[in-house]
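Quantities reported herein were computed from a predicted structural model and do not represent experimental measurements.
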Amino acid sequence: METKTVHPRKQVLIKFALLCLLMVSYFAYLSYQYDLLTGGIAALLTWSFFVLCTPVADAGFLLDFPLRLLFGIRMVLSEIAVWAIAIGLNIVSLAYFPQYYDTTILTRLLKQIFTTPNPYWAVIILSGIGTFLSIRFGDELMDVLHHRERSFFHSHHFKHELILIAFFVLVIFGYYELIISLGIDQSF
């Protein structure tokens, strides 16, 4: 019996298409619940919540990984652009469209985080540290997989990566302790 394997680039395109379908479905649901403009802005604000308030590159990963595989753009560069877009979106929304934050639980939480610097901005800071550590590790892993650095595990870089992984675990732990201490987990 012969098994059919799918090329990794095709797998990435399929996963990217499924994630895009999920985002479009969420936008359609919000547009149905409210209206087209409100649904669009609420969907973008929800996306920005996942970019700015989770300590892994999840929402940015929609772009980072496919851009790395398809065009060779380092994930850290695309993630910087993703963060700039998410922060800019929230600055404009808070200044001109604050009512759109009242649409979902996540957008209300996002507004609370942005409008209460102490201590909630620590969520964004820890999320940024965690995200960029995971992206950096992902970029280096992609380099190893593409044989650009064959002696990765035999070099001093591996010790450096273990330190980064330990630091990432500490960031994740700090993030969750902060979320629990702020009572954010109870709002869901």
Side-chain angles (χ1 to χ4, degrees), residues 5-27 40 43-93 106-107 109-110 113-114 120-176 178-179:
T5 59
V6 180
H7 191 273
R9 286 182 191 246
K10 190 172 183 178
Q11 287 177 343
V12 169
L13 288 174
I14 291 169
K15 289 177 184 178
F16 181 72
L18 290 173
L19 285 171
C20 286
L21 179 64
L22 179 67
M23 286 195 60
V24 168
S25 299
Y26 183 66
F27 163 72
L44 287 172
L45 290 174
T46 302
W47 169 81
S48 75
F49 174 85
F50 285 109
V51 170
L52 301 172
C53 300
T54 57
V56 291
D58 43 12
F61 205 67
L62 278 171
L63 297 173
D64 300 336
F65 192 63
L67 288 174
R68 174 65 193 248
L69 277 182
L70 298 173
F71 305 110
I73 298 170
R74 297 200 59 82
M75 291 188 285
V76 72
L77 295 176
S78 57
E79 190 66 22
I80 289 170
V82 164
W83 271 68
I85 291 167
I87 290 170
L89 170 69
N90 280 281
I91 289 170
V92 169
S93 294
L106 290 179
T107 56
L109 184 57
L110 182 62
I113 289 170
F114 267 107
Y120 291 117
W121 282 8
V123 170
I124 296 171
I125 292 166
L126 287 174
S127 296
I129 292 169
T131 294
F132 284 97
L133 282 175
S134 67
I135 286 292
R136 180 165 185 251
F137 186 73
D139 265 337
E140 290 184 9
L141 186 60
M142 291 295 292
D143 289 343
V144 169
L145 292 175
H146 286 97
H147 307 292
R148 292 185 184 152
E149 197 175 326
R150 291 178 192 264
S151 63
F152 178 77
F153 293 104
H154 300 294
S155 68
H156 66 285
H157 289 288
F158 184 63
K159 293 174 190 165
H160 178 71
E161 294 307 317
L162 287 176
I163 292 168
L164 284 178
I165 291 169
F167 186 66
F168 178 71
V169 169
L170 288 174
V171 166
I172 298 292
F173 177 76
Y175 171 83
Y176 283 109
L178 179 63
I179 294 295

> For Ile80 and Phe132, what are the C-alpha separation, side-chain angles and deciding distance, and is it a side-chain contact (heavy atoms from CB on, under 4.5 Å)?
Replying inline: CA-CA 9 Å; Ile80 289 170; Phe132 284 97; 3.7 Å; yes

>> Could you check whether any side-chain N or O of Ser48 sits under 3.5 Å from a backbone N or O of Leu45, counting only pairs where one atom can act as donor and the other as acceptor?
In response: yes

> Given side chains that start at C-beta, do those of Phe49 and Thr107 come closer than 4.5 Å, heavy atoms only?
Replying inline: no

> Between CH2 of Trp47 and CG of Leu106, what distance do you get to the nearest 0.5 Å?
Replying inline: 14.5 Å

> Can you find a pair of side-chain heavy atoms, one from Pro55 and one from Leu126, that are under 4.5 Å apart?
Replying inline: no

> For Trp83 and Ile124, which heavy atoms make the closest approach, and how far apart are they?
Replying inline: CH2-O, 3.7 Å

> Which heavy-atom pair separates Ala86 from Val51 by the least distance, and what is that distance?
Replying inline: CB-CG1, 3.9 Å

> Where is the tightest heavy-atom contact between Phe114 and Asn90, given as atom of each residue plus distance?
Replying inline: CE1-CG, 3.5 Å

>> Within this structure, what is the CE-OG1 distance for the pair Met75 and Thr131, rounded to the nearest 0.5 Å?
In response: 12.5 Å

